[in-house]
Amino acid sequence: MSVFVIVPAAGSGSRFGGDIPKQFLALAGKPILQHVVERFVVDGEVSRIIVPIAEALVTSVKPMPRVQFVAGGATRQQSVSRGLDAAREDDGDVVAVHDAVRPFFSPEVFHAVVAAAREHGAAFPALPVSDTIHVVDGDRVVMTPDRRFLVGAQTPQCFRVDVLRDVLARAAREGDDASDEAGLAAKYGFDVRAVPGDSLNFKITRPEDLVMAERVIAEWGNVSS
Ligand code: CTP
Ligand code: MG
């Protein structure tokens, strides 16, 4: 059984700023999105990669074997749904959803998340938080959850295909819009497992994250595993 991957890449990168959405900016000489796609292309467990991008770009991207570009949507969740709509029956039993702007995911963590999703239905790489997290209302702290129970959700998040279909259909019905499919799955009562992630798999959100990514490659090469 194999895995197919959805790489939502239709965002505008508002926190990053600039004229070009961050996933198309160069990292060590090639677009961040290309780093991500190439990492999945060489993975022996991956059958196909579906990449939702801005509708205007779909006809202008260079075709790549085993990669399908489709039109994304107005939110990340809609982009993921469009990606799932493009899946074929024989693409695999598990689907992975991975941010276009996390170029340093590890194949070992990915495979562990796939295995956990195959067994339990849904799984994601989790990173224990280093900071204390407060819940605030404006500038007033209203609650401070115990840090031992908090993790940051990374990607690739993996699901049995039927689970992700159910989750996205229900979210659309109920008007839920979440930044993370694992959280939605948990909200709807699915068994979602946290697999240890690693801090190198950070998301390029702001310009300083791209500076950090360039330094990582300069120091360690393309950290392939
Ligand atoms: N994404 C998407 N479609 C959208 C919005 C986001 O495919 N309508 C994708 C982004 O391209 C990115 C991933 O979801 O690969 C993670 O989102 P994030 O880091 O939040 O990227 P942006 O939404 O582009 O950035 P921002 O939130 O700062 O605007
Ligand atoms: Mg966003």
Side-chain angles (χ1 to χ4, degrees), residues 4-28 30-41 46 48-61 64 67-87 95-106 109-110 113 122 124-127 129 151-159 164-165 167-168 171-172 175-185 197-214 216:
F4 67 97
V5 184
I6 299 170
V7 179
S12 58
S14 57
R15 284 169 293 178
F16 195 99
D19 298 333
I20 303 173
K22 59 190 180 175
Q23 59 274 27
F24 301 113
L25 295 178
L27 168 62
K30 65 183 173 194
I32 298 169
L33 174 62
Q34 193 178 336
H35 284 267
V36 167
V37 168
E38 286 177 357
R39 214 167 243 245
F40 284 117
V41 165
V46 171
R48 221 157 65 85
I49 301 133
I50 300 169
V51 187
I53 54 175
E55 191 154 14
L57 298 176
V58 174
T59 50
S60 53
V61 282
M64 286 174 73
V67 182
Q68 182 183 0
F69 293 92
V70 300
T75 65
R76 183 179 180 284
Q77 194 177 302
Q78 283 170 16
S79 294
V80 172
S81 291
R82 300 257 177 103
L84 191 59
D85 289 343
V95 51
V97 179
H98 184 66
D99 295 327
V101 283
R102 289 187 194 268
F104 303 131
F105 70 92
S106 107
V109 171
F110 172 42
V113 175
F124 69 98
L127 196 66
V129 297
V151 294
Q154 301 179 326
T155 69
Q157 304 200 338
C158 297
F159 307 85
L164 187 61
R165 265 192 224 291
V167 166
L168 292 175
D176 269 345
D177 188 44
S179 54
D180 154 77
E181 289 73 35
L184 273 181
D198 64 275
S199 54
L200 201 53
N201 184 20
F202 59 88
K203 182 159 71 73
I204 298 176
T205 303
R206 296 181 175 81
E208 56 269 32
D209 300 320
L210 182 55
V211 172
M212 197 64 79
E214 289 284 7
V216 167

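Both ligands and their constituent atoms are indexed starting at 1 by order of listing. Numbering starts at 1 and runs along the sequence shown. Everything numeric in this text was worked out from a predicted model, so none of it was measured.
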Do side-chain atoms of Asp99 reach the backbone of Arg102 as a donor and acceptor pair under 3.5 angstrom? no
Taking heavy atoms and a distance under 4.0 Å, where does Ser79 meet ligand 1: side chain, backbone, both or neither? side chain
Close N or O approach (Ala9, ligand 1; < 3.5 Å): yes
Please report whether ligand 1 has a polar contact with Lys203, defined as an N or O pair separated by less than 3.5 Å (distance criterion only). yes
Please answer whether the main-chain N or O of Pro52 pairs with a side-chain N or O of Ser79 as donor and acceptor at a distance below 3.5 Å. no
Select the closest option to atom 24 (O) of ligand 1 among Gly13, Pro21, Ala10, judged by heavy-atom distance. Gly13
Short question: side chain of Arg39, backbone of Pro103 - any donor-acceptor pair under 3.5 Å? yes
Looking only at protein heavy atoms, which one is nearest to atom 29 (O) of ligand 1, and what is the separation? Ser14 OG, 2.5 Å
In a check of side chain to side chain contact (heavy atoms under 4.5 Å, CB included) between Val67 and each of Val51, Val5, Val7, which one passes? Val51
Mark up the atoms of ligand 1 that fall under 4.0 Å of a heavy atom belonging to Ser12, in ascending order. 24 (O)
Just by modelled atom types, is the Ala28 backbone N or O under 3.5 Å from a matching donor or acceptor in the Glu214 side chain? yes
Which ligand 1 atoms does Ala74 reach within 4.0 Å, using its non-hydrogen atoms? 8 (N)
Ala9 backbone acceptor or donor facing Gln23 side chain under 3.5 Å: yes
Does even one non-hydrogen atom of Thr205 get within less than 4.0 Å of ligand 1? no
Just by distance, do the side chain of Glu55 and the backbone of Ala71 share a donor-acceptor pair under 3.5 Å? no
So, is Asp99 polar-close to ligand 1, with some N/O to N/O distance under 3.5 Å? no
Option set Lys22, Arg76, Gln77, Gln23, criterion heavy-atom distance to atom 14 (O) of ligand 1, minimum: Arg76
Would you please classify the geometry between the Phe40 ring and the His98 ring as parallel, tilted or perpendicular, with 30° and 60° separating the classes? perpendicular
Does any N or O of ligand 1 fall below 3.5 Å from an N or O anywhere on Pro8, backbone included? yes
Quick one: does Arg48's side chain have a donor or acceptor within less than 3.5 Å of a partner on Phe4's backbone? no
Shortest heavy-atom approach to atom 8 (N) of ligand 1 - which of Gly72, Gly73, Pro52, Gly11: Gly73
Any idea which atoms of ligand 1 are less than 4.0 Å away from a heavy-atom of Ala100? 15 (O)
Atom 27 (O) of ligand 1 - nearest protein heavy atom and its distance: Arg15 NH2, 3.0 Å
